There are 2 protein chains.
Amino acid sequence: MESTPVTPAEQLLTHDTVDRCARADPEHPRPDGQDRYTISEVAAHTGLSAHTLRWYERIGLMPHVDRSHTGQRRFTNRDLDWLSLVGKLRLTGMPVADMVRYADLVRQGEHTFEERQALLEQTRRDVLGRIAELQGTLAVLNYKIDFYAGARRASERA
Amino acid sequence: MESTPVTPAEQLLTHDTVDRCARADPEHPRPDGQDRYTISEVAAHTGLSAHTLRWYERIGLMPHVDRSHTGQRRFTNRDLDWLSLVGKLRLTGMPVADMVRYADLVRQGEHTFEERQALLEQTRRDVLGRIAELQGTLAVLNYKIDFYAGARRASERA
DNA sequence: TATGACCTTGGAGTGCGCTCCAGGCAAGCG
DNA sequence: CGCTTGCCTGGAGCGCACTCCAAGGTCATA
(Lines give C-alpha, C1' and ligand atoms only; values in the text may rest on other atoms or scores of the structure.)
Protein backbone atom coordinates (compact mmCIF):
# COMPACT_ATOMS: atom_id res chain seq x y z
CA MET A 1 0.00 0.00 0.00
CA GLU A 2 0.85 3.65 -0.22
CA SER A 3 1.63 6.36 2.26
CA THR A 4 0.90 10.03 1.79
CA PRO A 5 3.70 10.88 -0.69
CA VAL A 6 2.41 9.98 -4.10
CA THR A 7 3.97 8.33 -7.13
CA PRO A 8 3.94 10.09 -10.53
CA ALA A 9 1.16 7.81 -11.76
CA GLU A 10 -0.99 8.78 -8.82
CA GLN A 11 -0.50 12.46 -9.41
CA LEU A 12 -2.32 12.08 -12.70
CA LEU A 13 -5.47 11.28 -10.80
CA THR A 14 -6.62 14.82 -10.54
CA HIS A 15 -10.32 14.05 -10.54
CA ASP A 16 -10.41 13.34 -6.86
CA THR A 17 -8.10 12.04 -4.22
CA VAL A 18 -10.54 9.23 -3.67
CA ASP A 19 -9.34 7.51 -6.79
CA ARG A 20 -5.85 7.05 -5.52
CA CYS A 21 -6.21 3.89 -3.59
CA ALA A 22 -7.24 1.98 -6.67
CA ARG A 23 -3.71 2.66 -7.87
CA ALA A 24 -2.43 0.24 -5.27
CA ASP A 25 -2.22 -2.31 -8.12
CA PRO A 26 -2.61 -0.26 -11.30
CA GLU A 27 -1.45 -2.49 -14.16
CA HIS A 28 -3.41 -0.67 -16.77
CA PRO A 29 -3.54 -2.14 -20.28
CA ARG A 30 -2.34 1.11 -21.84
CA PRO A 31 -0.34 4.07 -20.53
CA ASP A 32 -2.13 7.28 -19.60
CA GLY A 33 -2.63 9.37 -22.73
CA GLN A 34 -3.47 6.37 -24.92
CA ASP A 35 -6.16 5.21 -22.51
CA ARG A 36 -9.37 5.13 -24.49
CA TYR A 37 -10.99 1.74 -23.96
CA THR A 38 -14.18 0.46 -25.57
CA ILE A 39 -16.85 -0.97 -23.39
CA SER A 40 -15.97 -4.53 -24.35
CA GLU A 41 -12.32 -3.96 -23.45
CA VAL A 42 -13.38 -2.72 -20.04
CA ALA A 43 -15.76 -5.64 -19.66
CA ALA A 44 -12.92 -8.05 -20.38
CA HIS A 45 -10.60 -6.21 -18.00
CA THR A 46 -13.01 -5.92 -15.08
CA GLY A 47 -15.09 -9.06 -15.48
CA LEU A 48 -18.25 -6.97 -15.50
CA SER A 49 -20.59 -7.29 -18.46
CA ALA A 50 -21.02 -4.41 -20.89
CA HIS A 51 -24.66 -4.35 -19.76
CA THR A 52 -23.58 -3.85 -16.20
CA LEU A 53 -21.14 -1.09 -17.13
CA ARG A 54 -23.89 0.81 -18.95
CA TRP A 55 -26.22 0.22 -16.03
CA TYR A 56 -23.64 1.52 -13.56
CA GLU A 57 -23.45 4.70 -15.57
CA ARG A 58 -27.22 5.05 -15.79
CA ILE A 59 -27.69 4.77 -12.03
CA GLY A 60 -24.90 7.23 -11.29
CA LEU A 61 -22.31 4.76 -10.07
CA MET A 62 -19.86 5.87 -12.80
CA PRO A 63 -18.83 9.46 -13.41
CA HIS A 64 -20.04 10.32 -16.89
CA VAL A 65 -17.84 8.52 -19.36
CA ASP A 66 -16.17 10.13 -22.38
CA ARG A 67 -17.66 9.45 -25.79
CA SER A 68 -16.13 9.05 -29.23
CA HIS A 69 -17.33 11.37 -32.02
CA THR A 70 -20.03 8.81 -32.81
CA GLY A 71 -21.23 8.55 -29.24
CA GLN A 72 -19.51 5.33 -28.22
CA ARG A 73 -18.11 5.15 -24.71
CA ARG A 74 -14.37 5.54 -24.31
CA PHE A 75 -13.20 4.61 -20.82
CA THR A 76 -9.99 5.96 -19.32
CA ASN A 77 -7.48 4.59 -16.85
CA ARG A 78 -9.18 6.67 -14.22
CA ASP A 79 -12.46 4.97 -15.01
CA LEU A 80 -10.68 1.67 -14.56
CA ASP A 81 -9.39 2.83 -11.19
CA TRP A 82 -12.86 3.84 -10.13
CA LEU A 83 -14.27 0.51 -11.27
CA SER A 84 -11.59 -1.24 -9.29
CA LEU A 85 -12.70 0.59 -6.15
CA VAL A 86 -16.34 -0.15 -6.93
CA GLY A 87 -15.39 -3.80 -7.31
CA LYS A 88 -13.86 -3.79 -3.85
CA LEU A 89 -16.88 -2.10 -2.33
CA ARG A 90 -19.12 -4.60 -4.08
CA LEU A 91 -17.11 -7.42 -2.52
CA THR A 92 -17.76 -5.94 0.89
CA GLY A 93 -21.48 -6.48 0.25
CA MET A 94 -22.19 -2.76 0.30
CA PRO A 95 -25.57 -2.14 -1.38
CA VAL A 96 -25.41 -0.47 -4.78
CA ALA A 97 -27.45 2.44 -3.40
CA ASP A 98 -24.69 3.14 -0.88
CA MET A 99 -22.05 3.01 -3.57
CA VAL A 100 -24.08 5.51 -5.56
CA ARG A 101 -24.22 7.68 -2.47
CA TYR A 102 -20.46 7.46 -2.17
CA ALA A 103 -20.07 8.35 -5.85
CA ASP A 104 -22.29 11.40 -5.26
CA LEU A 105 -20.11 12.48 -2.38
CA VAL A 106 -17.02 12.18 -4.54
CA ARG A 107 -18.67 14.33 -7.21
CA GLN A 108 -19.49 16.95 -4.61
CA GLY A 109 -15.85 17.50 -3.71
CA GLU A 110 -13.62 17.64 -0.70
CA HIS A 111 -16.13 19.04 1.75
CA THR A 112 -17.71 15.57 1.87
CA PHE A 113 -14.60 13.89 3.27
CA GLU A 114 -16.21 13.46 6.65
CA GLU A 115 -19.29 11.73 5.34
CA ARG A 116 -17.22 9.57 3.01
CA GLN A 117 -15.09 8.50 5.94
CA ALA A 118 -18.18 7.68 8.00
CA LEU A 119 -19.62 5.62 5.15
CA LEU A 120 -16.43 3.63 4.80
CA GLU A 121 -16.13 3.18 8.54
CA GLN A 122 -19.63 1.74 8.67
CA THR A 123 -18.70 -0.53 5.81
CA ARG A 124 -15.60 -1.63 7.66
CA ARG A 125 -17.68 -2.46 10.73
CA ASP A 126 -20.01 -4.48 8.51
CA VAL A 127 -17.08 -6.34 6.98
CA LEU A 128 -15.57 -7.16 10.36
CA GLY A 129 -18.95 -8.41 11.56
CA ARG A 130 -19.36 -10.50 8.44
CA ILE A 131 -15.93 -12.05 8.88
CA ALA A 132 -16.81 -12.95 12.45
CA GLU A 133 -20.08 -14.51 11.27
CA LEU A 134 -18.27 -16.52 8.65
CA GLN A 135 -15.75 -17.73 11.19
CA GLY A 136 -18.66 -18.84 13.34
CA THR A 137 -20.04 -20.85 10.45
CA LEU A 138 -16.62 -22.40 9.90
CA ALA A 139 -16.75 -23.90 13.39
CA VAL A 140 -20.03 -25.63 12.52
CA LEU A 141 -18.82 -26.74 9.11
CA ASN A 142 -15.64 -28.17 10.57
CA TYR A 143 -17.59 -29.99 13.25
CA LYS A 144 -19.98 -31.57 10.79
CA ILE A 145 -17.37 -32.41 8.18
CA ASP A 146 -15.34 -34.14 10.88
CA PHE A 147 -18.44 -36.02 11.95
CA TYR A 148 -19.10 -37.30 8.44
CA ALA A 149 -15.46 -38.15 7.86
CA GLY A 150 -15.37 -40.07 11.14
CA ALA A 151 -18.62 -41.89 10.43
CA ARG A 152 -17.41 -42.93 7.01
CA ARG A 153 -14.09 -44.18 8.34
CA ALA A 154 -15.99 -46.18 10.97
CA SER A 155 -18.27 -47.76 8.39
CA GLU A 156 -15.31 -48.71 6.19
CA ARG A 157 -13.69 -50.50 9.12
CA ALA A 158 -16.89 -52.40 9.86
CA MET B 1 -30.53 -45.22 14.54
CA GLU B 2 -27.21 -43.93 15.80
CA SER B 3 -23.75 -45.35 15.94
CA THR B 4 -21.18 -43.23 17.79
CA PRO B 5 -21.71 -42.57 21.52
CA VAL B 6 -23.71 -39.45 22.28
CA THR B 7 -24.89 -37.38 25.21
CA PRO B 8 -28.43 -37.93 26.55
CA ALA B 9 -29.65 -34.75 24.93
CA GLU B 10 -28.22 -35.83 21.63
CA GLN B 11 -29.83 -39.25 21.83
CA LEU B 12 -33.21 -37.60 21.51
CA LEU B 13 -32.25 -36.47 18.06
CA THR B 14 -33.39 -39.62 16.37
CA HIS B 15 -34.29 -37.99 13.09
CA ASP B 16 -30.77 -37.95 11.81
CA THR B 17 -27.25 -37.64 13.02
CA VAL B 18 -26.98 -34.43 11.10
CA ASP B 19 -29.00 -32.62 13.70
CA ARG B 20 -26.44 -33.14 16.39
CA CYS B 21 -24.13 -30.30 15.73
CA ALA B 22 -26.85 -27.80 16.32
CA ARG B 23 -26.80 -29.04 19.90
CA ALA B 24 -23.42 -27.40 20.32
CA ASP B 25 -25.38 -24.56 21.98
CA PRO B 26 -28.87 -25.94 22.62
CA GLU B 27 -30.58 -23.56 25.12
CA HIS B 28 -34.07 -24.57 24.21
CA PRO B 29 -36.98 -22.62 25.70
CA ARG B 30 -38.64 -25.80 26.98
CA PRO B 31 -37.31 -29.26 27.86
CA ASP B 32 -37.78 -32.12 25.46
CA GLY B 33 -41.22 -33.62 25.99
CA GLN B 34 -42.92 -30.27 26.45
CA ASP B 35 -41.48 -28.93 23.23
CA ARG B 36 -44.44 -27.94 21.09
CA TYR B 37 -43.87 -24.40 19.88
CA THR B 38 -46.25 -22.28 17.80
CA ILE B 39 -44.97 -20.64 14.69
CA SER B 40 -44.75 -17.23 16.34
CA GLU B 41 -42.72 -18.65 19.23
CA VAL B 42 -40.29 -20.12 16.73
CA ALA B 43 -40.23 -16.86 14.81
CA ALA B 44 -39.34 -14.98 17.99
CA HIS B 45 -36.70 -17.57 18.90
CA THR B 46 -35.01 -17.76 15.50
CA GLY B 47 -35.50 -14.25 14.20
CA LEU B 48 -37.09 -15.64 11.04
CA SER B 49 -40.59 -14.45 10.15
CA ALA B 50 -43.54 -16.82 10.36
CA HIS B 51 -43.89 -16.31 6.60
CA THR B 52 -40.35 -17.50 6.09
CA LEU B 53 -40.85 -20.54 8.30
CA ARG B 54 -43.90 -21.60 6.28
CA TRP B 55 -42.01 -20.94 3.09
CA TYR B 56 -39.07 -23.06 4.27
CA GLU B 57 -41.47 -25.90 4.84
CA ARG B 58 -43.12 -25.48 1.44
CA ILE B 59 -39.86 -25.63 -0.45
CA GLY B 60 -38.61 -28.66 1.45
CA LEU B 61 -36.07 -26.96 3.64
CA MET B 62 -37.86 -28.14 6.82
CA PRO B 63 -38.76 -31.74 7.52
CA HIS B 64 -42.56 -31.83 7.71
CA VAL B 65 -43.57 -30.21 10.93
CA ASP B 66 -46.01 -31.72 13.45
CA ARG B 67 -49.53 -30.33 13.55
CA SER B 68 -52.01 -29.80 16.35
CA HIS B 69 -55.41 -31.54 16.06
CA THR B 70 -56.65 -28.45 14.20
CA GLY B 71 -53.80 -28.30 11.75
CA GLN B 72 -51.63 -25.64 13.36
CA ARG B 73 -47.90 -26.18 13.29
CA ARG B 74 -46.21 -27.36 16.46
CA PHE B 75 -42.44 -27.16 16.24
CA THR B 76 -40.16 -29.30 18.39
CA ASN B 77 -36.72 -28.80 19.86
CA ARG B 78 -35.41 -30.85 16.99
CA ASP B 79 -36.97 -28.43 14.53
CA LEU B 80 -35.21 -25.63 16.40
CA ASP B 81 -31.93 -27.50 16.07
CA TRP B 82 -32.46 -27.91 12.36
CA LEU B 83 -33.33 -24.24 11.99
CA SER B 84 -30.19 -23.35 13.86
CA LEU B 85 -28.15 -25.33 11.36
CA VAL B 86 -30.04 -23.78 8.46
CA GLY B 87 -29.30 -20.38 9.96
CA LYS B 88 -25.60 -21.16 9.98
CA LEU B 89 -25.67 -22.38 6.42
CA ARG B 90 -27.58 -19.28 5.40
CA LEU B 91 -24.86 -17.16 6.98
CA THR B 92 -22.30 -18.93 4.83
CA GLY B 93 -24.13 -17.57 1.79
CA MET B 94 -25.12 -21.05 0.63
CA PRO B 95 -28.01 -20.74 -1.84
CA VAL B 96 -31.37 -21.96 -0.58
CA ALA B 97 -31.45 -24.54 -3.36
CA ASP B 98 -28.28 -26.12 -1.97
CA MET B 99 -29.71 -26.15 1.53
CA VAL B 100 -32.77 -27.92 0.13
CA ARG B 101 -30.44 -30.41 -1.52
CA TYR B 102 -28.75 -30.98 1.83
CA ALA B 103 -32.14 -31.44 3.52
CA ASP B 104 -33.02 -34.02 0.85
CA LEU B 105 -29.80 -35.90 1.55
CA VAL B 106 -30.59 -35.93 5.25
CA ARG B 107 -34.04 -37.33 4.51
CA GLN B 108 -32.50 -40.07 2.39
CA GLY B 109 -30.45 -41.45 5.28
CA GLU B 110 -26.93 -42.42 6.09
CA HIS B 111 -25.90 -43.59 2.65
CA THR B 112 -25.68 -39.94 1.66
CA PHE B 113 -22.95 -39.10 4.17
CA GLU B 114 -20.37 -38.83 1.42
CA GLU B 115 -22.35 -36.36 -0.63
CA ARG B 116 -23.28 -34.35 2.46
CA GLN B 117 -19.63 -34.13 3.40
CA ALA B 118 -18.72 -33.01 -0.12
CA LEU B 119 -21.42 -30.33 -0.04
CA LEU B 120 -20.18 -28.99 3.27
CA GLU B 121 -16.57 -29.10 2.13
CA GLN B 122 -17.44 -27.05 -0.92
CA THR B 123 -19.25 -24.64 1.35
CA ARG B 124 -16.21 -24.43 3.59
CA ARG B 125 -14.03 -23.61 0.60
CA ASP B 126 -16.49 -20.91 -0.39
CA VAL B 127 -16.43 -19.47 3.12
CA LEU B 128 -12.65 -19.43 3.27
CA GLY B 129 -12.54 -17.72 -0.10
CA ARG B 130 -15.09 -15.17 1.02
CA ILE B 131 -13.14 -14.41 4.18
CA ALA B 132 -10.04 -13.84 2.09
CA GLU B 133 -11.99 -11.51 -0.20
CA LEU B 134 -13.31 -9.56 2.74
CA GLN B 135 -9.84 -9.23 4.20
CA GLY B 136 -8.72 -7.88 0.85
CA THR B 137 -11.43 -5.26 1.01
CA LEU B 138 -10.38 -4.35 4.55
CA ALA B 139 -6.99 -3.34 3.26
CA VAL B 140 -8.60 -0.90 0.86
CA LEU B 141 -11.06 0.41 3.44
CA ASN B 142 -8.29 0.96 5.96
CA TYR B 143 -6.21 2.77 3.39
CA LYS B 144 -9.00 5.10 2.37
CA ILE B 145 -10.25 5.75 5.89
CA ASP B 146 -6.71 6.65 6.90
CA PHE B 147 -6.49 8.94 3.92
CA TYR B 148 -9.68 10.80 4.85
CA ALA B 149 -8.71 10.98 8.51
CA GLY B 150 -5.31 12.39 7.55
CA ALA B 151 -6.77 14.88 5.10
CA ARG B 152 -9.24 16.14 7.69
CA ARG B 153 -6.58 16.47 10.37
CA ALA B 154 -4.47 18.44 7.90
CA SER B 155 -7.33 20.79 7.02
CA GLU B 156 -8.08 21.39 10.71
CA ARG B 157 -4.47 22.41 11.29
CA ALA B 158 -4.59 24.78 8.33
C1' DT C 1 -70.43 -16.34 23.84
C1' DA C 2 -68.11 -12.66 21.96
C1' DT C 3 -64.02 -10.34 20.87
C1' DG C 4 -59.54 -10.03 19.18
C1' DA C 5 -55.16 -12.10 18.57
C1' DC C 6 -53.23 -15.84 16.11
C1' DC C 7 -53.17 -19.48 12.73
C1' DT C 8 -54.18 -21.66 7.94
C1' DT C 9 -53.64 -21.77 2.60
C1' DG C 10 -52.33 -20.65 -2.34
C1' DG C 11 -50.76 -17.28 -4.80
C1' DA C 12 -49.26 -12.61 -5.81
C1' DG C 13 -45.91 -8.89 -4.92
C1' DT C 14 -41.31 -6.78 -3.65
C1' DG C 15 -36.45 -5.26 -3.79
C1' DC C 16 -32.09 -6.14 -5.41
C1' DG C 17 -28.69 -6.62 -8.88
C1' DC C 18 -28.27 -7.48 -12.78
C1' DT C 19 -29.46 -9.36 -17.75
C1' DC C 20 -31.42 -9.15 -21.97
C1' DC C 21 -34.20 -7.46 -25.97
C1' DA C 22 -35.64 -4.70 -29.98
C1' DG C 23 -34.58 -1.52 -33.12
C1' DG C 24 -31.19 1.23 -34.95
C1' DC C 25 -26.47 3.50 -36.06
C1' DA C 26 -21.53 3.14 -37.49
C1' DA C 27 -17.17 1.11 -38.94
C1' DG C 28 -14.36 -2.43 -41.38
C1' DC C 29 -13.90 -5.76 -45.07
C1' DG C 30 -14.21 -8.63 -49.63
C1' DC D 1 -22.52 -2.77 -51.97
C1' DG D 2 -23.71 -5.89 -48.76
C1' DC D 3 -22.29 -8.32 -44.65
C1' DT D 4 -20.65 -8.72 -40.09
C1' DT D 5 -19.47 -6.94 -35.85
C1' DG D 6 -19.84 -3.81 -32.26
C1' DC D 7 -22.02 -0.25 -30.11
C1' DC D 8 -26.20 2.77 -28.81
C1' DT D 9 -30.89 3.47 -26.13
C1' DG D 10 -35.08 2.76 -23.15
C1' DG D 11 -37.40 -0.53 -21.19
C1' DA D 12 -38.73 -5.26 -20.10
C1' DG D 13 -37.46 -9.58 -17.80
C1' DC D 14 -35.15 -12.64 -14.51
C1' DG D 15 -33.58 -15.26 -10.27
C1' DC D 16 -33.28 -15.04 -5.58
C1' DA D 17 -35.06 -14.83 -1.03
C1' DC D 18 -38.27 -13.50 0.96
C1' DT D 19 -42.83 -10.79 2.12
C1' DC D 20 -47.43 -10.02 2.03
C1' DC D 21 -52.45 -10.59 0.91
C1' DA D 22 -57.22 -12.39 1.06
C1' DA D 23 -60.32 -15.17 3.01
C1' DG D 24 -61.20 -17.95 6.35
C1' DG D 25 -60.62 -21.14 10.74
C1' DT D 26 -58.95 -21.40 15.87
C1' DC D 27 -57.73 -20.12 20.55
C1' DA D 28 -57.70 -17.58 24.99
C1' DT D 29 -59.81 -14.51 27.90
C1' DA D 30 -63.74 -11.86 29.88
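Side-chain atoms are counted along with the backbone in the values below, which use heavy atoms only and exclude waters and symmetry mates. To find a chain, count down the sequence lines: A is the first, B the second, and so on, and within it residues start at 1. What you are looking at is a predicted structure, and each value in this text was computed from that prediction instead of being measured.
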Sub-4.5 Å side-chain heavy-atom contact between B/Leu120 and B/Leu89: yes
Check the orientation of B/Tyr102 and A/Tyr148. Use parallel for under 30°, tilted for 30 to 60°, and perpendicular for over 60°. perpendicular
Does the pair A/Tyr37 and A/Asp79 meet the rule for a side chain to side chain donor-acceptor pair (under 3.5 Å), with working shown? CA-CA 10 Å; A/Tyr37 308 100; A/Asp79 294 328; over 6 Å; no
Nucleotide-resolved protein contact map, nucleotides 3-9 of chain C, B/S/- at heavy-atom distance under 4.0 Å: ----SBB
Residue pairs meeting salt bridge (Lys or Arg N to Asp or Glu O under 4.0 Å), one or both in residues 122-136 of chain A, sequence neighbours left out, come to A/Arg130-A/Glu133
Give the rounded distance in Å between these two atoms: NE2 of A/His51 and C1' of C/dC18. 10 Å
Could I get the full list of salt bridge (charged side-chain N to carboxylate O under 4.0 Å, His left out) partners for A/Arg30, not counting sequence neighbours? A/Glu41
Between atom CZ in A/Phe75 and atom P in D/dC7, what is the gap in whole Å? 10 Å
Please compare A/His69 and A/Arg58 by the position of their nearest nucleotide in DNA chain C and report the one closer to 5'. A/Arg58
Contacts of type side chain to side chain donor-acceptor pair (under 3.5 Å), residue B/Arg54, not counting sequence neighbours: none
Indicate for each nucleotide in nucleotides 13-18 of chain D, in 5' to 3' sequence, whether protein heavy atoms under 4.0 Å reach the base (B), only the sugar-phosphate (S), or nothing (-). ----SB
Under the rule for salt bridge (charged side-chain N to carboxylate O under 4.0 Å, His left out), what residues qualify as partners of A/Arg152, not counting sequence neighbours? B/Glu114
Answer yes or no: is there a donor N or O on one side and an acceptor on the other, between the side chain of B/Asp35 and the main chain of B/Thr76, under 3.5 Å? no
To the nearest angstrom, the CD1-C1' distance between A/Ile59 and D/dG11 comes to 16 Å
What integer distance in Å separates A/Arg36:CZ from D/dC7:C1'? 15 Å
